[in-house]
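This is a predicted model, so every value here is computed, not measured. Chain A is the first sequence line, chain B the second, and so forth, proteins listed ahead of strands; every chain is numbered from 1.
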There are 2 protein chains.
Amino acid sequence: METAGTAEAVPRPGLRERKKRRTRDALLRAALELFTTQGYERTTVDEIAEAVDVSQRTFFRYFAGKEEVALAVQEMVEEHFVRSLRGRPPGEAPLEALRRAVLDGWDTINEAVASVVPVELYLRMFRLIESTPVLLAAHLRRSAETEEEIARLLAAREGLDVDTDPRPRLAVAVFGAVMRVTGRQWSTGEDFSLEAIRALTAAYLDQVGPALTGNWRTSGGS
Amino acid sequence: METAGTAEAVPRPGLRERKKRRTRDALLRAALELFTTQGYERTTVDEIAEAVDVSQRTFFRYFAGKEEVALAVQEMVEEHFVRSLRGRPPGEAPLEALRRAVLDGWDTINEAVASVVPVELYLRMFRLIESTPVLLAAHLRRSAETEEEIARLLAAREGLDVDTDPRPRLAVAVFGAVMRVTGRQWSTGEDFSLEAIRALTAAYLDQVGPALTGNWRTSGGS
DNA sequence: TTGTCGTTTGTCAGTGGCTGTCACTAGCCT
DNA sequence: AGGCTAGTGACAGCCACTGACAAACGACAA
């Protein structure tokens with residue numbers, strides 16, 4: 001956090017700072033472009049560095065590893081969602097707040113992403129993550145961390161202790177599970193639009209209740 | 001599949017086969033022992049191979065990578081659980097079958113694991129996985145694959161198409177989420193016994209309902 | 001027993017991700 | 001202007017992992 005204080009967030013970035021940000025953004029964009037065109041495994045770090053004309057060592061000074069650059073945008077999106085959740089009114093029930101936060105997050109995704117990469121590139125990258133085992137693994141682990149953060153957030157909201165009451169973690173885990181199924185369904189479907197995943201999210205959240213009802217044989221599916 | 005037929009599963013393993021199994025088991029045990037004593041990252045493949053007195057190349061002929069050997073026992077346990085689930089009577093409601101299969105799985109965990117490694121070593125390894133980021137990531141991804149298998153299994157049981165009806169995948173994802181929270185809670189708790197995780201499993205499954213109820217502020221806690 | 005065959009294994013060489021070190025350059029500050 | 005420090009490139013090295021080939025060894029039959 002650069003600006004913990006009050007107003008003026010950008011007194012003067014300084015030349016060094018600007019140069020750094022430009023290098024980082026360039027690396028990120030180059031990496032994503034290479035990943036989505038020739039695949040994650042078939043892209044080497046040397047290639048990415050060369051595309052931006054820096055040394056391999058410099059790449060590793062900006063990103064902890066190949067994985068991190070691949071998941072950087074996803075990270076931004078999750079932060080966007082958590083921010084959205086923090087903004088929900090305290091009166092809302094936990095699951096209601098979660099639901100509204102995600103749907104709101106999709107509606108405003110542009111604000112969070114477009115400044116660094118085009119949304120379309122983000123969506124392509126999302127699908128690549130789902131279909132690349134090592135990326136999917138890393139993504140799932142990071143999601144688990146985000147879930148822990150959200151669980152603490154909700155527990156605080158409701159005045160509970162996350163270590164003695166299992167309900168916050170359980171609820172968040174369940175919610176996260178639904179989000180994951182949604183994302184997977186979207187990425188293997190046909191409609192790769194933003195509206196599609198937004199609609200899927202709403203639909204699947206509505207289906208959780210029925211899915212947990214014992215008898216699936218009466219009245220059914222999508 | 002060596003023995004697809006009916007009875008006699010072990011006519012005569014043959015010397016070669018026995019030697020192979022012995023090498024594999026030795027590698028597995030040595031790896032787990034090293035991992036749990038000095039940590040996963042601080043253990044090299046060369047070390048493991050040397051402990052069994054084979055070449056590094058041979059290690060990679062038995063295991064696809066360092067990750068695989070670390071998760072091998074976990075894999076056996078999950079297979080054990082899926083087997084247990086397949087044995088549930090068709091009349092049971094899906095979630096009921098899942099619940100009974102897991103609890104049953106814990107009760108009979110010895111049969112599935114003890115022949116290869118002591119159960120105690122498995123439990124230690126379980127905790128190591130939870131606390132080692134790259135292992136946790138790989139574990140979560142494999143769990144996702146198992147969940148897909150289970151979803152198809154349940155869908156078949158109930159006569160549904162897993163691709164048009166979201167409920168099987170949703171239910172399994174929710175169930176898996178609860179199991180993960182359970183495992184995490186167990187591994188960070190104090191009682192590392194088998195009974196402890198068994199009891200936690202039952203308790204957390206009972207808490208899912210309440211966790212999804214909107215109002216946590218009335219009556220709660222562990 | 002001996003010879004042949006196919007499998008298992010070791011050796012060697014190489015790739016790619018990632019890290020430590022060190023010297024150099026270029027912003028920044030007084 | 002000149003010193004301080006952050007950012008960088010060049011180089012060397014570790015470790016996970018793979019392909020290729022030859023040697024060792026078990027299986028089986030003559």
Discussion item. Go through it in stages, so that I can follow the logic: the residues are A:Asp191 and A:Ser193, the test is side-chain hydrogen bond (donor to acceptor under 3.5 Å, both in side chains), and I'd like the CA-CA distance, side-chain angles, deciding distance and then a yes or no.
Written reply: CA-CA 6 Å; A:Asp191 187 349; A:Ser193 70; 2.9 Å; yes
Item to complete: Report the residues that fulfil salt bridge (Lys or Arg N to Asp or Glu O under 4.0 Å) with B:Arg152, sequence neighbours left out, ordered by chain and then residue number.
Response: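 For B:Arg152 the salt bridge (Lys or Arg N to Asp or Glu O under 4.0 Å) partners, ignoring immediate neighbours, are B:Glu148.
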Discussion item. Is there a side-chain contact between B:Lys66 and the phosphate of D:dC17, meaning an N or O under 4.0 Å from OP1 or OP2?
Written reply: no
Closest listed nucleotide, where the reference is the side chain of [X] and the choices are [options]:
X	options	answer
A:Gln56	D:dC17, C:dC18, D:dT8	C:dC18
A:Lys19	C:dG27, C:dT11, D:dG9	C:dG27
A:Phe60	D:dT18, C:dC18, D:dG9	C:dC18

Discussion item. Tell me whether B:Glu33 is salt-bridged to B:Arg124, with the criterion being a basic N under 4.0 Å from an acidic carboxylate O.
Written reply: yes
Worksheet item: To the nearest angstrom, how far is A:Glu47 atom CD from C:dT15 atom C1'?
Response: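 Distance, rounded to whole Å: 13 Å.
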Item to complete: Send over the distance from A:Arg22 CZ to C:dG27 P, rounded to a whole Å.
Response: 11 Å
Fill in: Sugar-phosphate or base contact per nucleotide [nucleotides 3-8 of chain C; S, B, -; heavy atom under 4.0 Å]
---BBS
Worksheet entry | Within 6.0 angstrom of B:Glu145 CD, more than 12 heavy atoms from elsewhere |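 It does: B:Glu145 CD has more than 12 such atoms within range.
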Worksheet item: Under 3.5 Å, side chain of B:Thr36 to main-chain N/O of B:Met125, donor-acceptor pair present?
Response: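 Pair absent, no side-chain N/O of B:Thr36 close to backbone of B:Met125.
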Worksheet item: Ignoring hydrogens and angles, does a donor from either the side chain of B:Arg57 or the base of D:dG19 sit under 3.5 Å from an acceptor on the other?
Response: yes
Fill in: Residues forming a side-chain contact (heavy atoms from CB on, under 4.5 Å) with B:Thr132, sequence neighbours excluded
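B:Tyr40, B:Glu41, B:Leu128, B:Val134, B:Leu135.
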